[in-house]
Amino acid sequence: MDCWRLTSVEIDGFRGVASKQSFDFQGRSCLLFGPNGQGKSTIALAIQWALFGKFPSGILQNVASSSFLRSHGNATGAYSVCVTLKRAAHTITIYREAGTKHKRFEIVADGERFSNAYAEEKRDALIGMDADTFSRLIVLNQGRVRGLLMDEASERRTAMDKLLGLDASADIAAEMKPKRFEERAKELVETGRAKLLGLEGEERNLTTLRAEAQEKAREQGFQSHHFTLSGLKKEFADISAAVTQTALEYNVTLGSIPSCDVVENGSRICKAFREAIGTIRREADVLAKIQSLSQQIADVSTLAEQWRHAFSQAENAKHALAEHEAAMGANDFLARKGRELADRLQEAESHLKSARALNALLSDALRCVDAAGSSECPVCEHPGGAGLLRERVRKLSDETTVDLERSRTAASGAISAHDGIKRARATLAEDANQHLRRLEKSRHQAATALGEIGVPDAKLAGRLDELLAAKTTARDKLTKGAKTLENELQKSEQRITAVSERLLPVLLLTTKLAAVEEKRRHVAKGDDGISQKAEKLRLVADRLKELKQILLDAKDEHARVALQTAAPRAQELYSALVDHPFFKTVAIDTEEKAGAVGYCYRVSQGRDTKELVEARLVLSDGQMTAAALALFYALAESSAHVFDLLFIDDPTENLDDRRKLAMAQAVVQMAKRKQVIISTHDEDFHAKLEDAGFKEQAITFRFHDWNGSPQVAAI
Amino acid sequence: MKSFPPQLKAEVKFSTGSIVSVPEREWQALQPEAETVVGAIAVLCLSGNRDLDGEWILLDPARAFPSRKAGPITLQVSEFARIAERQKHLYSLRQALSAAWRPYLHAYLTLAIASRANLQDELSVRQRTGTLGELVCTDAVLDCDHLSHLREIVDAHGEGVAGGVFQDLFAYLLGYIGYASVVSNPIGVPDIMASGLIGGAPANLAEFTRGEIERIVKLCDKAGELDLARRLRERI
């Protein structure tokens, strides 16, 4: 099969090559020879970087790539590498440039050009190898076998995994930790158990609290059948019926009271009941009725009193009038008598007037007599009449007139007295009329109060008394009713309080207990997801174990096959490089230990013996290095891939003269089959390579006088 | 109800331990003599195992141990439960018993504690008059209350008599969930014979227990749905 060989490498500004330098390998083996620090290893790095833009893990982990890759003195400039590979008629040129903002990666394969990201994408397919495989199988650095010499088994195993390209699967297998899943599953089961215990504890506490609450509720008369939602509903229904009935009785309209569907609504319903009771207290008509009746009672009482007074006054007035009439006579009698008295007075005045006129006449006559000195009366011409006349004047003045005046006075007094009687009569009559009017008014009011007319006066007071008694009875009844209402309301309130403070706590605790029981049931059945999660984790752990085993088996198989394939060449190289006088045979195999594939590098006296000894126990450090290199080269040589190239960097470290010679011979042998590019600073080794005939089949680049870039002489 | 065994023979076992033993004579008596007959061991335990205590475990020995010819059946209660759980032909019956048992026991608890004889009389009369469900409330009974009820019965009578009380309760529980005829044998085997399953119940009634139907009848009466109540009453 035609494989890739390295045709040329062109380096510019990269690591130890500051100015542009070309190395034309022509697909042939090559010796890069020169002292340390001349830029030999730069070529291996340049090839890897150009092809893959990265290095195997362990290089450049904490260093910015540009500061590592840029050559000394090339502070800011670009650096680039161009690698040309050839395989039969195919040529591929890979160019990579970095160090400035403009990075560039380009592949030209048989004239076809790929750039940047697309080129990166196509690269592995075009060259037929990835970066890890390239660094593992093409670039052979002695540093990579150091791990095989370590005492620590895990380090040897890690180094061997890397040599075999199984480090990734080893890493994956190391990441597969089923135990962690198992432990987590156990933790979850423990959590579930703890949760269950916690819930059972909670359940016990709630049971105790509920028992105490039930005890208190029983003190209030509640019984077991009350301690359920139905019991509560029944209790609320009873309270509701009582409150509604009371409201109906006292004409109070209540809003609707919510029904109790769940215990949690209990407090709200109790509150609604309390509000309803408050409404009844505020709006019950019994108090207004009592007030109204009291007013009516007062009115009827006043009315009855007024009636009695008016009736009595009227009767008295009538009686006084009657008595007056009886004593003084009736009005017509008084009228007649008045007329008689007036006539008498008139007569007396008339007599008095006549008497006075006579007296005046006689007095005049007397004066005439006296004046005439006659003794004869000129009126009656009676002798001696003057004396008589005088006598008559005197008698008339002193007796008759007085009597007549007395009579007139008496008549006048009688009239006055009679007038007084008449006035008294009129007053009495007026008084009686007035009382009668009052009585009529009172009668009308009483008729209105009684609601009927035509009640006889004698019965009216009694009827009013009856009405008063009826209203008083009604008021007493209502007063009693108000007390009853308050009693009923208080009873309902007490019941609500009992429900609220004693029954509801029991039911709320029961509800909580039911919730805890439900939760406990869920946890016990595993419905809370914990046990399912634990089960899933166990399943994951099992699958992980299986996968890990599959991976380990595959790794073991791969390693075994690789080692078996490399074994003849490894034995050959071991014999040549180590050339142990006693342990002539090497055996490398895999073994699985503690869930990981381990490796045995053992030696024995011969092929037939079964006495295998671990190599590092019987070989010296130098022999071990040689033995490790033997395995390393054997693996590199025996692996099937598309590169016909080995880049061996400084293979003689820690090797003695004899082994250097053996190494040189081995390299020459390899160079017959592959393009071997070997770098060394070792003069002895260089000489031994020349002695072994490497020069005949290879180009030699001698590196010297490095001053930023090496001076390279192709020989 | 349609999927209940038409005739059921049962041996009731009450245990405060974790093992239940059924003598040969008893389980042999449960062997079905006809296709319509199912024999079942009904186990009720109160052993401190929260997952099993207080629930009726119903196991058909003829199907569970078809090859057994002789000797007692002795099993852990948990094993009984595990086997019973797999017997699908008793699933509906188990479900109905499970749903009805707690409120039913709660309803007759006072009687059960007071006197077995009175309990028998009461249950018998109620079975005859179709009023077994009258006292049964619809409220859920908590685990702790239910177990407490069972303990009260055991404390009141002792384990031996309590077993008899539970036998009576179980017998009429079968009546409550739909068997018209129930016989509880104080001596002899099997302990219980139940038959006369409410037949021809329309599909929409199939999910109701007898007690529930009784309540529906009452509600119909109360609501004035007399014809419906009559028709339902005819069903039971």
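We use all heavy atoms of the structure for the numbers below, so side chains are in, but hydrogens, waters and symmetry mates are not. Proteins get letters first, then strands, A, B, ... in listed order; numbering begins at 1 in each. Please read these numbers as outputs of a predicted model, since none were measured by experiment.
The 12-atom threshold is not exceeded at NZ of A/K477, counting heavy atoms of other residues, nucleotides or ligands nearer than 6.0 Å. The number of heavy-atom neighbours closer than 6.0 Å to CD of B/E79, taken from other residues, nucleotides and ligands shown, is above 12. Remark: B/R82 CZ is packed, more than 12 non-hydrogen atoms of other residues, nucleotides or ligands lying under 6.0 Å away. By the 6.0 Å contact criterion, CZ on A/R180 is open, its count of non-hydrogen atoms from other residues, nucleotides or ligands being 12 or less. Summarising the local packing, CZ of B/F65 is surrounded by more than 12 heavy atoms from other residues, nucleotides or ligands at distances under 6.0 Å.
Proximity to chain B (any heavy atom under 4.5 Å) is shown, for A/S230, by both the backbone and the side chain. Heavy atoms closer than 4.5 Å to chain B are found in both the backbone and the side chain of A/T510. Of the atoms belonging to A/E203, it is side-chain heavy atoms, and not backbone ones, that fall under 4.5 Å from chain B. Heavy atoms closer than 4.5 Å to chain B are found in both the backbone and the side chain of A/A514.
Comparing B/D51, B/D145, B/L109 by heavy-atom pairs within less than 4.5 Å of chain A, the highest count is held by B/D145. Taking chain B as the reference chain and counting heavy-atom pairs below 4.5 Å, the highest number among A/K525, A/R521, A/H225 is found for A/R521.
B/D139 places a side-chain N or O within donor-acceptor distance of the main-chain N or O of A/L229, the cut-off being under 3.5 Å.
Of all non-hydrogen atoms in A/E517 and B/D143, the two that sit nearest each other are OE1-N, 2.5 Å. Annotation for B/L142 and A/R210: closest pair CD1-NH1, 3.8 Å, computed over non-hydrogen atoms.
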